[in-house]
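These notes are about the structure you will find just below.
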Amino acid sequence: MTTLTMAKALNAGLRRALEADPKVLLCGEDIGKLGGVFRITEGLQKDFGEHRVIDSPLAESGIVGTAVGMAMRGYRPVVEIQFDGFVFPAYDQIVTQVAKLRFRTQGRQSLPVVIRIPFGGGIGAVEHHSESPEAYFSHTPGLKVVTCSNPSDAYWMIQQSIASDDPIIFLEPKRRYHDKGEVDVDATPLPLHQATVAREGTDVTLLAYGPMVRTCLDAAAAAEEEGRSLEVVDLRTLSPIDTATVVRSVQKTGRAVVVHEAQQNLGLGAELSARITEHCFYSLEAPVLRVAGYDMPYPPSRVEDEYLPDLDRVLDAVDRSLAH
Amino acid sequence: MTTLTMAKALNAGLRRALEADPKVLLCGEDIGKLGGVFRITEGLQKDFGEHRVIDSPLAESGIVGTAVGMAMRGYRPVVEIQFDGFVFPAYDQIVTQVAKLRFRTQGRQSLPVVIRIPFGGGIGAVEHHSESPEAYFSHTPGLKVVTCSNPSDAYWMIQQSIASDDPIIFLEPKRRYHDKGEVDVDATPLPLHQATVAREGTDVTLLAYGPMVRTCLDAAAAAEEEGRSLEVVDLRTLSPIDTATVVRSVQKTGRAVVVHEAQQNLGLGAELSARITEHCFYSLEAPVLRVAGYDMPYPPSRVEDEYLPDLDRVLDAVDRSLAH
Amino acid sequence: MLSTTTADETDLVQLLTPEGVRVEHPEYEFTGSDEEIAGHLRDMVLGRRLDTEATALQRQGELGLWASLLGQEAAQVGSARALGPNDVVFPTYREHAVALCMGVDPIDLLGLFRGVDMGGWDAEATRFRFYTLVIGAQTLHACGYAMALERDGLVGNGTKEEDAAVVAYFGDGATSQGDVNEAFVFASSYNAPVVFFCQNNQWAISEPMSRQSRIPLYKRSLGFGFPGVRVDGNDVLAVRAVTERALERARNGGGPSLIEAFTYRMGAHTTSDDPSKYRLADELETWRLRDPIERVRALLRTSGSVGESFFCDLETEADDLAADLRRRCLQLQAPGLGSMFGNVYGEQTEYLAAQQQAYAEYADSFEMEAGAR
Amino acid sequence: MLSTTTADETDLVQLLTPEGVRVEHPEYEFTGSDEEIAGHLRDMVLGRRLDTEATALQRQGELGLWASLLGQEAAQVGSARALGPNDVVFPTYREHAVALCMGVDPIDLLGLFRGVDMGGWDAEATRFRFYTLVIGAQTLHACGYAMALERDGLVGNGTKEEDAAVVAYFGDGATSQGDVNEAFVFASSYNAPVVFFCQNNQWAISEPMSRQSRIPLYKRSLGFGFPGVRVDGNDVLAVRAVTERALERARNGGGPSLIEAFTYRMGAHTTSDDPSKYRLADELETWRLRDPIERVRALLRTSGSVGESFFCDLETEADDLAADLRRRCLQLQAPGLGSMFGNVYGEQTEYLAAQQQAYAEYADSFEMEAGAR
Ligand SMILES: Cc1ncc(C[n+]2csc(CCOP(=O)(O)OP(=O)(O)O)c2C)c(N)n1
Ligand SMILES: Cc1ncc(C[n+]2csc(CCOP(=O)(O)OP(=O)(O)O)c2C)c(N)n1
Ligand SMILES: [Mg+2]
Ligand SMILES: [Mg+2]
């Protein structure tokens, strides 16, 4: 057991993946000498060389498109997109090429590409640096979308993603990069696409992922003081959603609140609400409520605290759910 | 009243917009002499000149990006994307630039760009030519997303979209281009963002848009023979959803089935289900059901009939809803 | 000459005139035997015949669409025959003759257009990757693949049998796409062993080359720091010579280069297209005189290196290919949708497995109904 | 000299040496008066002072981030001062000195970096469009705007007072983006009146120019059919002369051109960056000797065309600007989130209006709570 920040845990996970398999390559802007703007790849180019840790020209479509070509030849490229807001130049390559290749080849060609994206707000950044694009990718068949909420998951999930033969969008909650946590490098990790009950409770289920798991755990702790028992489910994988774990929890509590930073309209909350209603129609005591980013572009950072779901908004929704 | 195909109605609507406002420009690949691959712009370059009906280089990001620049100088560009599957190279310009400009300028700069996209399947096309990307755009604040289901709406909605000061993704159900319908060019059209009850009924509400409205109307006609009364709501605008009209209908019938071609996971059906459950929790007799594309890439055309929602699948869902 | 077909003729590498006369070029030379020339003719004739048959199949409703290569046989065969045994091709959707040369079973080319699959051949074994319909996307894949070759130690390693390179095909229209230009950037930056082979057939659907560039396309690479050359795309000998040189350079670690094969799309863009809307018949006439096949026939007839029977046998072979293609095309069935749920992921998801099962049950219910009748 | 800073020095247009000596160039000439030169110095000094103050404000937590222009003053002022009264600028995020020259109130530049807005100035009135953080996106906007100018009859119409053109700023790293290359395609295809002004400051965050291109960047345009020129980006006279020529050409209907201003990013990429990780101090030293401000000071001192008081006054003016900037920065408040719901659409949606109301009620409930305490 060691205590690591999420950033260091990711770095350690990448290092282990590079050591384990010579076919693993990292590519992206500024990931070499600089170690990435968040230092997630710090020291890796020095230790594994420029041929395996590749600084790319400033062109995201090019980064993903060349990764596709490398994967076609048996490599396992792990691509870094510098910020969430800069993934869109690569969107075409991701949705028309990465997501579809296996299907187009009738399952014959796998495309083990991992696309790492630091995502979400809360770090006081300028525009385009705080986006939550997960729904765009989750709606796309052929991709898998995962996100970690703590250092241990970060360490394991990045390795599992690299080992997966499916293309994976790996979302890193950048505001949690410096959160510390225990990492047991000898543990047997949970299966990658399994959700986990991060805290047990009986009254209302909070469904969250990535940066909002911490927020929900805090909310649950606060609620406990008021005598309310909230269960927190950390989805971990956004596509495919682990419906079984979600349904199990909601069938128990009868109430669900989904929490995410992304804009509400057609966000993950919509899908979770639809699935929960389909599966738990008779056990639901209240409609699934959503606490999400408002449906506007991400605002200037000085007001992001008002924009982002926080403990108060979560508890407010819990109150509304219980009032039903 | 004249009878027109949807293709001709769009052509007539574009013509009228070009006549009405010298600031209206059309841009896109092959829209000039060829009149577009679907002939929607047929004859317009001849009549309005190369300066207003502009054949663009083969580059979608360029098409949308230059349209942004033209709109900044007071023009009202109407962009044609040749097929749904080719909008993604322009995705960055659409979501980071087109969608955000007004917000970034604190409401001072409007960006009246219309992006026309023939969408959906059912025409026996090769890959990338049958996509339904509406959820990607609907999740993006700052955009409005509309789609027509009949020639009259096509005629009016394209003009209303061009007149709108907001950027609009205008989705044209290409499999309905040759459907005929009455167009009254002197009518007063419905407001652009209002849904309409395309057929009244009492037992179950079918929610559809674009190509699936025809399918749902057919299903309702077939159901009538079995003594079932289905109401069909044509959403017309996918963002913002006209929640009031949807809720009114579902409160009446107590049951809803959403039908779309797009993949189910995080499709419009998810959002509609979530909203309906929020607003109609106590009047819902069954969970909102979804009839949608399966969550795989659009398949080869010889099996698209099995992939696409059809009358039978809609009626099957109606049965399941009523069985609750 | 028409504006769209005006080239800096002086820039054009040509080794065989439209009249079938071999000419010298200061830099390039075709060193193959007469037999090889006859082989190239055969490739071109078979390619054309395949194309004609597919077009006919489309007209008869057996294919949903076809993208004809008519007029581009020399560009395709000349470049394909320049490939070494390890070289890999990333095509667009029109390189049917390249596919033939690389040993793709022609029937496998039809699946995409018939709507039964998205490519039926073995991309690995044939070294002919799948068709790409999104304009330009494959140029980046080619570049990445080339970078991977280098990482595999297969570039400039002094072992001719091992060295490999990549050819990325694309059209004149594609040169406007961001992806293609980014591919130029990456190839240049990493000195990747990739040959960018642009078939400038003068048209991108209805748009003439002049809409995409006001200078000859082969000059594009000058802006990115690697060489470009324009070759008479209807001259199979010149195309072969030029491509061979570029591939050798790439395999040896010399980096990328761009070839513009100056040719002409004799047919419609695809069977859905109607070129009469946007181009003049004159243009077609001009280019008919430059037919890539006729000039080789003329050469072989003049040189007498093959007997008349060669031509007859070739016709027969082509007809057989066509007949066989037709017969097998009619049998080409799509696998059921049910089987496709398994092709989305390597590790199937519960969610999709459930959809698959629901679909199967739903489909069964119809069959049962039908059976009950 | 270091590899990243090696230029084909012979290609470089220079009119003022680092030592402050005016030199001749066969093609370009700076024709402005000494007064104008003094004016340029003033612009550069104010730009640098603004930059220093903003950097300090960031260190003190008053700004979230700052992108320093240090070292690029001549490239920015020289190009901005070449603009005619109708010309329009599409900047990146670093053109603070251009903004100053165009009359943008410096405080308005801070909003984005303080996190209170995304651009506070009037883009219409100042003809200085908003900053664009997505690398390269603005080059297409610039190109479209230029196409619109042409449609407005404001290009080459013979009336100097009316003619207009556009300048698109971008960096060396940006040249790799698809969008920038597509902007080259569109500008070339439509002969749009746009000057592509690339500030090659040798670095894209941690990546040296050589990662983006192996040939000088000004040559990129040769691949697209329009002229490119490399100018000493630390020589304000040369930049001005070169940009003036390019703008005139554009306004007259001569079409696009590319200028590569060869300069150096003396500071970090932004205040979040740590250049010691990736570049050597030596490089900085080399470039310090080419400081864009010092050479003009030297020239003015030698020529004696301004008195010593000019320099003193300028220091005072700069200090005042800085003090004023600081004072106003501290007062810069974000409008409440509540007001922003109204900025998403021209025609507000019911859905968002409802969110706005819910937000207002929710926010009020806290205020009431707070009030009740
Ligand atoms: C990204 C994208 N945009 C648009 C299209 C539609 N489209 C298919 S082929 C074509 C023209 C291609 O021209 P060119 O590159 O010259 O190749 P050619 O067809 O002439 O071989 C277009 C616009 C597409 N397939 N992909
Ligand atoms: C599309 C996109 N990708 C990545 C980034 C992150 N980023 C911001 S500035 C920068 C480097 C830009 O370098 P250059 O174009 O040379 O401009 P400079 O900052 O040197 O002025 C990068 C990679 C971005 N803003 N946009
Ligand atoms: Mg072409
Ligand atoms: Mg730079």
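In what follows, every chain begins at residue 1, and chains take the letters A, B, ... in the order their sequences are listed.
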Is it the backbone or the side chain of [X] that comes under 4.5 Å from a heavy atom of chain A, or both, or neither?
X	answer
Arg279(D)	neither
Val344(D)	side chain
Leu112(D)	both
Pro275(D)	neither
Asp274(D)	both
Ala358(D)	neither

With rounding to the nearest 0.5 angstrom, report the [atom1] to [atom2] distance, [X] to [Y].
X	Y	atom1	atom2	answer
Phe86(A)	Leu133(D)	CZ	CG	6.0 Å
Arg302(A)	Asp117(D)	CZ	CG	11.5 Å
Asp312(A)	Tyr362(D)	CG	OH	4.5 Å
Gln82(A)	Ile135(D)	CD	CD1	9.0 Å
Gln263(A)	Gln355(D)	CD	CD	9.5 Å

Validation row: [X], [Y] side chains within 4.5 angstrom (heavy atoms):
X	Y	answer
Met296(A)	Leu337(D)	yes
Ser206(D)	Asp30(A)	yes
Lys33(A)	Glu207(D)	no
Met340(D)	Val303(A)	yes
His128(A)	Met118(D)	no

| request: Answer yes or no: are there more than 12 heavy-atom neighbours, outside Gln357(D) itself, under 6.0 Å from its atom CD? | output: no

(Q) Looking at Glu29(A) and Arg211(D), is there a salt bridge between them, counting it only when a charged N and a carboxylate O are closer than 4.0 Å? (A) no

Chain D contact via Glu42(A) - which portion, at a heavy-atom distance below 4.5 Å =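 Looking at Glu42(A), just its side chain touches chain D.
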
Bottom line for Pro89(A): the part with an atom under 4.5 Å from chain D's heavy atoms is side chain

Sorted by chain and number, sequence neighbours left out, ring pair (Phe, Tyr, Trp, His ring centres under 6.0 Å) with Tyr136(A) holds for Phe88(A), Tyr91(B), His139(B)

_Test side-chain contact (heavy atoms from CB on, under 4.5 Å) applied to His269(D) and Leu34(A), step by step_ = CA-CA 12 Å; His269(D) 170 68; Leu34(A) 184 61; over 6 Å; no

Practice item. Give a yes-or-no answer on whether the side chains of Tyr351(D) and Asp295(A) include a donor-acceptor pair shorter than 3.5 Å. Key: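 Result is yes, a qualifying pair exists.
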
Taking every heavy atom of Ser176(D) against every heavy atom of Ala59(A), the minimum-distance pair comes out as O-CB, 3.3 Å

Next item on the list: Among the options Asn265(A), Ile123(A), Val37(A), pick out the one with the most heavy-atom pairs lying under 4.5 Å from chain D.
Entry: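 Of the candidates given, the most pairs with chain D belong to Asn265(A).
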
* **Any donor-acceptor N/O pair, Gln212(D) side chain to Leu58(A) backbone, under 3.5 Å** => yes

